[in-house]
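To keep things clear, I will list the structure first and then write my remarks on it.
Numbering starts at 1 and runs along the sequence shown.
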Amino acid sequence: MGMHLDRKVELLSPAGNYQAFIGALNAGADAVYLGGERFGARAYADNFTTEEICQALHVAHCMGKKIYLTVNTLFKENEAAGLYNYLCPFYEAGLDAVIVQDLGVFRLIREWFPGLPLHVSTQMTITGAGGAAFLKEQGAVRIVPAREISLSEVRAMKEETGIEIECFIHGSMCYCYSGQCLFSSILGGRSGNRGRCAQPCRLPYQIYAGQEQILGEGYPLSLKDMCTLEYIPQLIEAGIDSFKIEGRMKKPEYAAGVTAMYRKYIDLYYRQGADGCRVEPEDLDMLRGLYIRSEIQTGYYERHNGKEMITLSKPGYAGSDACVLEKIRTEYLHEPPKMPVRISVEVKPGAPIRVNVTGEHGTTELSGDVVQAAKNAPLRAEDIRKQMTKTGNNCVTVSACEICMEGDVFVPVRALNQLRRDAIEAYEREVIRQNGLCDKRAVKNAKTEQSEGIFNRPNKSTALSPSIDCLVTTYEQFTAVEDYGCERIFIESDLFIKEYERIISRAFDSKAKGGRNKAEGCIYYLALPQILRKRDERYLQSLTEKVREAKGLIRGFLLRNLEGLSYVRNLSQDYAVIPDTNLYCFHKGTLKFWKDYGREYTIPYEVNAREAFHLAEAAQELDMRTTLVAYGRIPMMVTANCLRKTAGSCLPHQDERRQIYLKDRYQTAFPVIINCEHCFNTIYNSVPYSLHTSLKEAKRVGADVWRYDFVMESGAECAQILAGEFPFAGYTTGHLKRGVE
């Protein structure tokens, strides 16, 4: 029956509202993840009020189940300031874990609520053991890795780190690596990082190679839904700790029905092993009738990408089967069964009233007020029984109530009710304790961190001209930037390896001549790939060798992911590190997180000028440098799937110079860079991002550095842009003025 059978995998289900929560529990979920009224990556789900979450926690814990709260968006400064008060009631009520994307929020929760387990959202794009181990060191207890990693990578992450691993097993699939998508944000201002994705990936596109159409209009960015029901044995034996069902935006019937089906086959596996865990065709048909696209696939566990994963012709959902929905409603969408208990009450004049609550989990006993002799109308046994069998919203039902009375007595009804509530709650607390779960926690007051000041407050950075850095992707760009002269050149690491001899020769020659900077010439950094995975270990070894051969030429690294940070930390020499735009420093808390590892950061694309100003101001207080990208191509998506492969023309490394384009319904062309070395695509915005007409707003940000990112520009175009002569007809200023919701 394989490995990892000393513990059973957790089945984790989605709940967009209270009815879905109840349905998932009744259907066999071990845990439920849900969002509150703020900070969840499904802003358009019904979501839960604070009171509903606290009630749900009590119900779940009495049933031996857990609840994880999604706090998996990027926070603005004023939102981070409100996080403590938002989380307090859930922490006090025994919340089992919180799912986090924002590194600054991760840091704040760790400090404010040290007893609250932290789960790392798939939005953090963790693709390997290095990033997972780093976050474990920071206090994470569970990782939800990128959905694109293979089963062997999942197994390696588990074996190398020992951290809990939670993986998606069913539901919708994003085309982009989660956390690396700006498509909806840049085109419409609805940020997926803020839970407001407009799903442009479900719209029709064409694919072009140069001027040749290689795929007619279809839906090349729309992945089929994941269904791994037939794959359960392999997933369990890979060491996954939690199976996660996607779907907080979907119906309660979906949450319950899918949960019930996976519960059936997980239990079957543990009873009969892999050979006995054969999925019946009618069960797969049932799943297809539950808010799922007409075609299904098993995700990335055994394939890196492929046309067979794409819903080219039908991106929408098929209608749900009415009979299936009605059956699920009848079977699961009702209040969960309550625990039967017996209550005995002893009432004697001059003695405290005593109540015993007895059930499967033992007996709790409480005493109340001293019983008084009745002066007028004595209390009847039936009056006591009536009050003692009321259970309201409690998780118990009274199956029997025995009253032992002596003489004529009087007890106020209010006192009886309070004693019943206290006794039942004491019993429920004992149930929760026996279930190994938390009932109540005490919290300490925490001082929340808030930004102060107004947008045009004096800032010492604005008195100085920012220094100029450049990022280069081709050797032609490198020579153009070298000739222009700037403080630092960020060389894409792929280029550094490919053109190592020429780059080293020119760089040392430039340093010997002093370059434009007569003190020492230019400073060189490497920009690590946007995605690093297990398959890149040999590549990183080669890069390390080249960096060491360069004898001190490379001074630091631009990071696009936490795998990159892990790589740099493992180098024998200390190097400067700078988080790039997609490591999302949105507020001061994130700057404080990164200050432990470097003295610089890059302003994300999704903040506006006012927000960027406050970031730069906060960075000054922390003695950190701020970089603002002044020109570049905004990466809209970084994808494991390949548009060239989807179009049926994937030949690795062949004809890479032939530009691939994605065209939408309006014939807007989005250039695509195919990276065969690391096997990912980057889809860029249709026009360059440039602040050359917004210099006033850009300068008011107060950044220490302006960086020019060159991706597909010629050397001559690089020189023009640096000289202030913009060579293209179209451009965008991104979110500098508008920002995101």
Side-chain angles (χ1 to χ4, degrees), residues 100-103 106 119-140 142-163 165-167 176-181 300 304 490-494 496-497 525-547 554 556-572 574-585 590 593-594 596-598 601-602 635 637-640 675 677-682:
V100 179
Q101 173 189 9
D102 189 308
L103 284 169
F106 184 99
H119 292 183
V120 171
S121 169
T122 191
Q123 290 285 119
M124 273 204 206
T125 327
I126 301 303
T127 54
F134 170 74
L135 288 165
K136 181 180 180 181
E137 176 188 313
Q138 298 300 309
R142 178 179 291 187
I143 301 290
V144 188
R147 279 176 270 197
E148 290 75 8
I149 69 173
S150 68
L151 197 58
S152 63
E153 288 173 296
V154 171
R155 186 182 292 109
M157 186 183 295
K158 178 66 180 179
E159 291 175 352
E160 292 176 34
T161 67
I163 197 168
I165 303 292
E166 173 182 305
C167 289
C176 182
Y177 278 95
S178 295
Q180 303 302 310
C181 185
Y300 290 94
H304 187 74
F490 292 81
I491 307 166
E492 288 285 355
S493 59
D494 290 357
F496 182 70
I497 290 178
Y525 278 51
L526 293 184
L528 293 173
Q530 288 141 313
I531 297 295
L532 286 169
R533 291 176 51 173
K534 189 77 172 174
R535 56 172 289 153
D536 296 308
E537 287 180 350
R538 184 174 298 177
Y539 169 89
L540 291 174
Q541 290 172 2
S542 176
L543 183 63
T544 300
E545 292 169 5
K546 291 287 190 289
V547 168
I554 303 304
F557 292 85
L558 183 68
L559 307 178
R560 275 72 175 264
N561 47 63
L562 293 180
E563 304 307 314
L565 177 61
S566 174
Y567 164 74
V568 177
R569 292 175 77 206
N570 287 329
L571 294 177
S572 57
D574 287 336
Y575 292 92
V577 295
I578 306 173
D580 202 0
T581 55
N582 66 327
L583 281 171
Y584 303 125
C585 294
T590 314
F593 180 95
W594 279 106
D596 290 340
Y597 307 98
Y601 77 102
T602 311
M637 281 187 169
V638 181
T639 76
N675 188 314
E677 175 65 45
H678 307 285
C679 202
F680 63 75
N681 285 191
T682 305

Under a 3.5 Å distance rule, please check whether His678 uses its side chain to pair with a backbone N or O of Pro529 as donor and acceptor.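 No: the side chain of His678 does not pair with the backbone of Pro529.
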
Donor-acceptor pair, Ser493 side chain versus Leu526 backbone, under 3.5 Å?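 No.
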
Taking all non-hydrogen atoms of both residues, which atom of [X] and which atom of [Y] are closest, and how far apart?
X: Met157; Y: Ala132; result: CG-CB, 3.8 Å
X: Ser566; Y: Gly130; result: OG-CA, 3.3 Å
X: Ser178; Y: Arg147; result: OG-NH2, 3.1 Å
X: Gln138; Y: Phe593; result: OE1-CE1, 3.8 Å
X: Glu148; Y: Ala640; result: CG-CB, 3.5 Å
X: Thr544; Y: Tyr567; result: OG1-OH, 2.9 Å

Could you state the interatomic distance from [atom1] ([X]) to [atom2] ([Y]), rounded to the nearest 0.5 Å?
X: Thr122; Y: Tyr177; atom1: OG1; atom2: OH; value: 11.0 Å
X: Leu583; Y: Ile578; atom1: CG; atom2: CD1; value: 12.0 Å
X: Ile143; Y: Lys136; atom1: CD1; atom2: NZ; value: 10.0 Å
X: His119; Y: Met124; atom1: NE2; atom2: CE; value: 12.5 Å
X: Thr125; Y: Ile149; atom1: OG1; atom2: CD1; value: 11.5 Å
X: Ile491; Y: Ile497; atom1: CD1; atom2: CD1; value: 12.0 Å

Heavy-atom neighbours of Asp574 CG exceed 12 at 6.0 Å: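 Check fails, neighbour count at 12 or below.
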
Note, [X] side chain near [Y] side chain (heavy atom, < 4.5 Å):
X: Val638; Y: Ile531; answer: yes
X: Tyr539; Y: Asp494; answer: yes
X: Leu135; Y: Ile163; answer: no
X: Asp536; Y: Glu563; answer: no

Please step through side chain to side chain contact (heavy atoms under 4.5 Å, CB included) for the pair Asn675 and Thr682, ending with a clear verdict. CA-CA 8 Å; Asn675 188 314; Thr682 305; over 6 Å; no

Phe490: which residues meet the ring pair (Phe, Tyr, Trp, His ring centres under 6.0 Å) condition with it, sequence neighbours left out?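 For Phe490 the ring pair (Phe, Tyr, Trp, His ring centres under 6.0 Å) partners, ignoring immediate neighbours, are Tyr525.
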
Just one of Ile126, Val154, Val144 clears the side-chain contact (heavy atoms from CB on, under 4.5 Å) bar with Ile165, so which one?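 Considering Ile126, Val154, Val144, a side-chain contact (heavy atoms from CB on, under 4.5 Å) with Ile165 is found only for Val154.
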
Just by distance, no angles: are the side chains of Asp102 and Thr590 close enough, under 3.5 Å, to form a donor-acceptor pair?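 Indeed, the side chains of Asp102 and Thr590 share at least one donor-acceptor pair under 3.5 Å.
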
Asn582 and its side-chain hydrogen bond (donor to acceptor under 3.5 Å, both in side chains) partner, picked from Gln530, Gln180, Arg560: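 For Asn582, the side-chain hydrogen bond (donor to acceptor under 3.5 Å, both in side chains) check succeeds only for Gln180.
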
Can you tell me how the ring of Tyr597 sits relative to the ring of Trp594, calling it parallel under 30°, perpendicular over 60° and tilted otherwise?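 Tyr597 and Trp594: perpendicular rings.
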
Any chance you could lay out the salt bridge (Lys or Arg N to Asp or Glu O under 4.0 Å) test for Lys534 and Glu153, step after step, and finish with the verdict? CA-CA 7 Å; Lys534 189 77 172 174; Glu153 288 173 296; over 6 Å; no

